[in-house]
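These notes are about the structure you will find just below.
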Protein chains: 2
Amino acid sequence: MTNISDYDLEDFTPYLLNLASETTSLAFQRHYRTTYGMLRTEWRVLFHLGQYGPQLARDICDRARLHKTKVSRAVGALEEKRYLRRSEDTKDRRQELLELTTMGRNVFAELRQAAQKFDADLVAEFTLEERAILKQCLARIAGL
Amino acid sequence: MTNISDYDLEDFTPYLLNLASETTSLAFQRHYRTTYGMLRTEWRVLFHLGQYGPQLARDICDRARLHKTKVSRAVGALEEKRYLRRSEDTKDRRQELLELTTMGRNVFAELRQAAQKFDADLVAEFTLEERAILKQCLARIAGL
DNA sequence: CCTTGTTAGTTACAAAATCAACCATATTGT
DNA sequence: ACAATATGGTTGATTTTGTAACTAACAAGG
């Protein structure tokens, strides 16, 4: 009987993606976790608010591809830390506008810089072409 | 006030990695979850045993970069499903050699084929060069 | 109005991951 | 030999996530 397949799972892209994702996420964690006591979802929500300005929880769900329960809890946690504020002065009383407080904006500025540096270090060993292809492939795979 | 930086989260590699990883992992889940009732960690452990042959839990921890508690629980679950067997005939009575049963090897063969097809479809839209660069970059980032 | 359906967001409960403590065995230094 | 320490692995408590059901507000059709 011949070998049906000599496919090596080291080539399994989801596996590589998972390893790479875990490696980088764990490494970057210390910037928001140890310093600010934030969870990953909180950092993501903070980032979206800092990056795209005041918006609804719904918008964050869509953009960040996070489930509404995750966002709901992260918003609660960020509110407790006084990093964001809600206001529901809209006509639609179901929704509430989320925006960072001054403290939240400071944290965001700090973390954005850390992220930028972290990323630069991460891809430092790659050529410009490799970086471009990497990001392009990842974006396509992620469905962006 | 000037804009300190126009760095965008979309450019943050860990974020892209996370999105891509989640997207593919969720998509592949159905192959081991719905068909065999396995969890992600179980599939990973099975994969490592099938790929690299009989070994200690410790080896799987190192190679798969999984915490020992996760591996311990996954091994227990796989044993219950009769996909693996333990034997502690070693000189060191603390450790036990893990190996797949015939059934476990069949499941592995089946899943490996599914993985191969899944992966082929995933990267189908990329050129050979792009695929090579993608894998190379991911491996480097993952520290392989 | 008043049913029916939809949307924004929260909450309750189950599943899973994380963390710390633990047991048994092995190894090292004195 | 015998503390002290390290290793392989398990277990239990705590956290975090995921799933589903829920409330409240709005929107349309009759």
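One distance of note links OG of Ser21(B) with CD of Glu22(A); it measures 7.0 Å at 0.5 Å rounding.
Nearest to the side-chain atoms of Lys68(B) among the listed nucleotides dG9(C), dC19(C), dG9(D) stands dG9(D). Listed candidates were dA8(C), dT10(C), dA12(C). Nearest to the side chain of Glu96(A) is dT10(C).
Heavy-atom distances under 4.0 Å link DNA chain D to no residue of residues 29-53 of chain B.
Between the side chain of Arg94(A) and the base of dA8(C), no donor-acceptor pair of N or O atoms lies under 3.5 Å. Donor-acceptor pairing under 3.5 Å, judged by distance alone, is absent between the side chain of Arg93(B) and the base of dT25(C). A donor N or O paired with an acceptor N or O is not found under 3.5 Å between the base of dG9(D) and the side-chain atoms of Arg86(B).
With side-chain heavy atoms closer than 4.5 Å counting as contact, directly or through intermediates, the hydrophobic cluster containing Leu97(A) also holds Leu56(A).
Take the nearest nucleotide of DNA chain D for His67(B) and for Thr69(A): the residue whose nucleotide is more 5' is His67(B).
For Ser72(A) and dG9(C), the shortest distance from a side-chain N or O to OP1 or OP2 is not below 4.0 Å.
Ring geometry for Tyr32(A) versus Trp43(A): interplanar angle under 30°, hence parallel rather than tilted (30 to 60°).
For residues 133-144 of chain B, the pairs satisfying salt bridge (charged side-chain N to carboxylate O under 4.0 Å, His left out) are Glu125(A)-Arg140(B), Asp119(B)-Lys135(B), with sequence neighbours left out.
Atom CG in Leu66(B) sits roughly 16 Å away from atom P in dG8(D) (whole-Å rounding).
A salt bridge between Arg85(B) and Glu79(B) is absent, with no side-chain N of the basic residue lying under 4.0 Å from a carboxylate O of the acidic one. A salt bridge does not link Glu42(A) to Arg73(A): none of the charged side-chain nitrogens sits closer than 4.0 Å to a carboxylate oxygen.
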